[in-house]
Every structure is written in structure tokens, then in C-alpha cells.
2 protein chains.
Amino acid sequence: MTTIRDVAKKAGVSVATVSRFLNGSGYVSADAAKAVTDAVDELKYELNPVARSLNTKQSHLIGLIVPDITNPFFPELARAVEDVALTYGYTVILCNSDENPEKERNYLETLKKKYIAGFIVTSNQLDAPHYANMALPIVALDRAINDRIPTVSSNNREGAVMGTQALLQRGCKDILFLRGPEKLNPANDRFEGFMEAITESGVNYHIVTCPFHFADSEKIVEGFLKEHKEIDGIFASSDVSAAGALKAAVTLGIQVPAELQIVGFDGIAMGEMLSPGLTTIAQDVYKMGAIATRVLIKRIENQEIEQHFYEVPVQLKLRGTTRSVEK
Amino acid sequence: MTTIRDVAKKAGVSVATVSRFLNGSGYVSADAAKAVTDAVDELKYELNPVARSLNTKQSHLIGLIVPDITNPFFPELARAVEDVALTYGYTVILCNSDENPEKERNYLETLKKKYIAGFIVTSNQLDAPHYANMALPIVALDRAINDRIPTVSSNNREGAVMGTQALLQRGCKDILFLRGPEKLNPANDRFEGFMEAITESGVNYHIVTCPFHFADSEKIVEGFLKEHKEIDGIFASSDVSAAGALKAAVTLGIQVPAELQIVGFDGIAMGEMLSPGLTTIAQDVYKMGAIATRVLIKRIENQEIEQHFYEVPVQLKLRGTTRSVEK
DNA sequence: TTGAAAGCGGTACCAG
DNA sequence: CTGGTACCGCTTTCAA
């Protein structure tokens, strides 16, 4: 392994000069620069990031903390983070937290020791002390919140309004809203959006809380539909719940979208595989991840960030679980 | 930050002794040990992994190279790797290669500089020189092979036999096999398994190559079924393709499973969300990841590994796209 | 058993 | 502009 000393010797300058040149810090004469460049080339010298880390107490590592990569929302996020990170020369460490504060803290500690540069976090524990007291740059994703931590999320409220209106415009007169877990910010925003739109319309509605879990949602919806034959529209806070609702409808012999229309939320790939295809409010998860990563890297590199709160627009994706608009 | 020197001072011994004690290397008297332990406790000393890395040229980092974490097969794999790695005190770095040799090589190089301990790789480039010449421990996953790299994969051939027989036992007389990409080892093994079972049965069959991609598969199958109304069973090399086939059948008004039975391969979560639920040969992806990680860590820590090739059993999961067995 | 000291490969201060 | 050198925090050799 060739070291900076080898380069210095070959270039006929001191290691200090080589280091300065390599880092663009301090003055280096044109001659010296040339000599160093040549030496680096000839020796195929590559800087040792570990040695550098030890000095600078910095690394080009980014930690990505998600509840569970297995949850269909996160792979695309991870992909975006990794893509952007790579572009800027950063490497990403994947951490599954299971929303467990202990695990989260453990990761933060462990990685801090490795001089990790910053974290992108999806968690509900963001207000917990282990985040508040972190000296490192953090960007929060999706579920957020703390005035000193930049956040990027979808426009959940507006998306919910759009989804509700989609059902309304297509003639639904009795809508079931599948509300997500009360602890999740996005779920609450979606709930608000729904309430806003439905109240304004004066249309009849019901609200049932559903975890973002397929089989559970299926069971809950099946039970509910048996008791409420009048339901002609379901707006689910997640695609997984929507898929559960669709399956429940099929089981009960209810025609979708003729008798019952369904709209989901998320836009995960599975939606198009269902029959009929799932109409949904699609989030631009990739974009969220990309923005979060760029913001984080700016923070790491002490650049100004334009905003503190980024809201990524969502989009109505019409597929087979809804009819065409009534004229 | 408290360093090993602080501990040494407090314990009244030299840093060398502290280091030896902490690493369990070399001799340390009981007295010294006690003093060090106490000092560590009092000072809440924690070893600096970066400084250690610089010396040992080792880290507790594992690289996980996958084509694309967005592909439904990989999140669970990543989850398993991360879980097991955490258990042994390792941290995992996520790398999306897109099956691009350049990207792969780039990761290998970059991470080698960080003194990464080893890699778990899912790739078709495994025979490329950048792997062959790696001095680091590697474990290959799923698609494999090189006699010096341990491999863990599903029992694809046997799974394909099981899947085919499932169709046969349920009365299928004209089966369409959706073959996966020819470059993929698992796809080839599945193909072999199918051929073995179908040949033995003497039942009529067709083979069509399909990428592991939903929309493409749907289109291909739809076209094929239009021309071949006699098909009464489809065995797909992947669940995604099976989902495409199912959707094509629905579009064409073909009753599943009454007129056409379908079996997929993979066992991804999406399968149960379809209507009817997708019968499939489920791989134990989590187990594969867990085994691969344990094997890798053994290699890293210079322990003996029992085998060089691990085959994880698959399992037939009966759901709605197949009927009950005919008596 | 123990400790002094020489690294590991860079960074950065400070004098020249 | 440049170079000598202390130092980042830990490991390891070698002599005592």
C-alpha cells in the first residue's frame, strides 16, 4: 500500500505539502502541485479514508434508519438515498430499528464512534432525547418533527383531499375511511385531509382504524362491510390496507368498482398487480429520499439549506378500483 | 472523549496493558485486570473503532451487494443480513449494483479502503476478475458460483419439481412454463426442475421466456393465452411473473383456478394480496440471508465453516390460484 | 507480566 | 509557500 509519505518522497516535497494539495487546503505552488499530481499518478496513490477519519473525526458514511426495510415503503427510499449518496461519495449504512428506541439509540452510539457524518431517519421517536442531544446532522423523513431537524415528507393532507374527492366525483354516497395508526404523523395528516374534504361535501362517512397490515385490514374491512352493505366507497390510508379491503370485497362477492370503489395511498408497486388495479394516491418516495439525502449532505458540508421543511407533491393514479367520472 | 491513555492513567498501568486486557491478547495479571475494569467503568470508556481499524486493517463492516433493493426479493434478505450482523457486532453497508460490473468494482474498491471485513454478494458477475482477485471473505447468494466462494441458495430445482407436480396433481393437461432470464442461475435450475417433472409425466407443455417483470409478463402471457386456449396450468419462475399471468387471465375472462391454475415461485408478500391468493413455491429468503451472514462472519473470524454450499429448502404454499387435489 | 515506543496513514499548526 | 513534527487513538513488538 502506498502512503502519503511515498508520494512526498517521489515528488520531492513534504507530506504536509502533499496533504495540503490533496485537500485543497493552504497554499501549494504550481511546481509542487505538478510534482504531486505526477507522483500520485505513477504510484497510483489512494488516500486512506480510515487514517483521515481518525484525524478529522469525520467519515463519508451516512446512516439510514428505517423501522423495517421489509415494509414496502422503504426499499425505494433506501435506493434513492444510496443513489444520491454515491453521487456525492458517501456510503450508506442500513439500520432497521423496528421503531425500538433502544435499537435506535444503540445504532446512533455505535455509528457515532465510527465518526459517521449524519443520519436520515424515519422514526416516531424523533423527539426522544437521543436525537435531541445528537450533535450530528440529521434529516427526518416522512414522519417528522422537531424544529431543529429538517424534514421531508409527502403532502399527505392534500393527497387525502384528492383521494376523497376522487371518490366523491365518482358518485360515492357512503364512504369508509380506513384510518392509519394514530401515532403516525402521516396517518394523521391523511385523516385531516379526509375530514376536510368529506365534511365539505356533506356525504355520509365512517371511520375505522386499521394498521398498515394486509391480513388485519382484510379482516377488519370484511367485518365492517358485512354490517354496512351501504358502503360504496373506501379510502384507505395505505395501499396495503386498500389491498386488504379489495380482497375482503372479493370474498364477499362485492363488485369492484361497480358496487364499491376503492382508493389507496402510497403508490407501491403491488398496486398495479391487483385485479382490478388499485387506484391510489402515489407518493414520490424516490424523490423524498433523494431530497433528504441532498439536504443531509449539505448540512454535513456546512452549506446553507434553503428550507427546513420539504413537502413532496403526491399524485392521483387512476386504475381499476375506481370508475370513470360521472358527468 | 476518554481514551485508552486516560484509562491507563486511572488504572495506574500502561496503555499496552489496557490494550492487551481489552483485546484478551497477551498476559495481564489479575490485579491489573481489576484496575482496568474499574477504570473503564468509572470513565465509561469506549474503544474507538476507527483508531483500531487503522492498526488492524480490519473493521466490523459488512458490505451487502444486491442488484436493486427495490426488487421484492431483497428487502427481506437485507433484513436478515442486518439482523444477524447486528448480533455479532457488525454493521452493514448497502450497495445497489444494478448488475453493473463497474459499479460493483467501484464498491469493492471503495469499501476495501475502509477496511471492510467482507461481502455478501448477489450478482451474476461473480466470476469477474474483481471478485476472483479479492483477498476478502465473500459469500455468494442465490446466484452463485465459483469453487472458492461459499454459496447459499434455495433448492430451486426441487422447488420447480414441486411446483410442477402441484399442477399435475390438480389435473392440468397442458402447462405453460414461464422461464426466467437465461443468465440467471436460479432461473435455469427452476427450468431444469420443471423439465424433469414434466417429461416424466408425459403431459403437454409450452415454454415461454419472461423477464421477472410484472407488466412485461402480463403482456407476454396475455398474447400467449389468446393463441393457446387449451392451457390449463401456468407455472411461473417468479411471483411477479405469476402475478402478470393472473392479471392476463382476468383480463381475458379466464376463471382462475377453475379453468386455469397458476403457481408462482418466490413467496413474496404480494402473493397473498392477490385475488385469488397466489399459490407459490416459497423461498425462505430470511433464512438464506441469515445463513450467508453467519458463514461470512465465520470466514471473517477465521473459523471453520462446515460446508461450502448451503441449500435452503423451499415450500409449497397453497392458496387460491390452484384447486384442491383431484382424487 | 509489564511498559516504552514505534508505528497505522493522514492532518494541521507553526516557524521559516 | 513549504516542511518539520506533534498528534488522532489504538496495537504490537521487544526489552526488561
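Numbers restart at 1 for each chain; the letters A, B, ... are given by sequence-line order, proteins then strands.
By the 4.0 Å N-to-carboxylate-O rule, Arg79(B) lies close enough to Asp98(A) to be salt-bridged with it. The pair Lys10(B)-Asp6(B) fails the salt-bridge criterion, with no side-chain N (NZ, NE, NH1 or NH2) lying under 4.0 Å from an Asp/Glu carboxylate O. Between Lys298(A) and Glu304(A) no salt bridge is recorded (no basic side-chain N to carboxylate O distance below 4.0 Å).
When the C1' atom of dG9(D) is taken as reference, atom NZ of Lys114(A) falls 15 Å away, rounded to whole Å. Spacing between atom CD1 of Ile4(A) and atom P of dT5(D) amounts to 17 Å, rounded to whole angstrom units. Atom-to-atom, CZ of Phe21(B) to C1' of dT11(D) comes out at 16 Å; the value is rounded to the nearest Å. The distance between atom NZ of Lys113(A) and atom C1' of dG9(D), rounded to the nearest whole Å, is 14 Å. Rounded to whole angstrom, the span from the CG atom of Leu22(B) across to the C1' atom of dG9(D) amounts to 12 Å.
For the pair Asn23(B) and dT11(D), the criterion of a side-chain N or O lying under 4.0 Å from OP1 or OP2 is met.
A donor-acceptor contact under 3.5 angstrom links the side chains of Glu104(B) and Ser123(B), judged on distance only. Between the side chains of Asn23(B) and Arg52(B), a donor-acceptor pair is found at a separation under 3.5 Å.
Side-chain contact check for Ile149(B) versus His308(B): every heavy-atom pair is 4.5 Å or farther apart. Residues Phe309(A) and Pro150(A) are not in side-chain contact: their nearest non-hydrogen atoms beyond the backbone lie 4.5 Å or more apart. Phe21(A) places none of its side-chain heavy atoms less than 4.5 Å from the side chain of Val13(A). Contact annotation: the side chain of Leu296(B) approaches that of Ile300(B) to within less than 4.5 Å [non-hydrogen atoms, C-beta and beyond].
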Please produce a list of atom pairs where a protein N or O lies less than 3.5 Å from an N or O of nucleotides 1-3 of chain D.
{"unit_1": "dT2(D)", "atom_1": "OP1", "unit_2": "Ser29(A)", "atom_2": "OG", "d": "2.3"}
{"unit_1": "dT2(D)", "atom_1": "OP2", "unit_2": "Ser29(A)", "atom_2": "N", "d": "2.6"}
{"unit_1": "dG3(D)", "atom_1": "OP2", "unit_2": "Ser14(A)", "atom_2": "N", "d": "3.1"}
{"unit_1": "dG3(D)", "atom_1": "OP2", "unit_2": "Thr17(A)", "atom_2": "OG1", "d": "2.8"}
{"unit_1": "dG3(D)", "atom_1": "N7", "unit_2": "Arg20(A)", "atom_2": "NH1", "d": "3.4"}
{"unit_1": "dG3(D)", "atom_1": "N7", "unit_2": "Arg20(A)", "atom_2": "NH2", "d": "3.3"}
{"unit_1": "dG3(D)", "atom_1": "O6", "unit_2": "Arg20(A)", "atom_2": "NH1", "d": "2.9"}

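You can see that DNA chain C meets the heavy atoms of chain B within a 4.0 Å-exclusive cut from dT1(C) to dG9(C), reading 5' to 3'.
Annotation for Ala78(B) and Ile69(A): closest pair CB-CG2, 4.4 Å, computed over non-hydrogen atoms.
The stretch residues 36-51 of chain A comes close to DNA chain C through Tyr45(A), Glu46(A), Leu47(A), Asn48(A), Ala51(A), each having a heavy atom under 4.0 Å from the strand.
For the pairing with Leu141(B), the side chain to side chain contact (heavy atoms under 4.5 Å, CB included) check across Ile291(B), Val121(B), Leu77(B) returns one residue only, Leu77(B).
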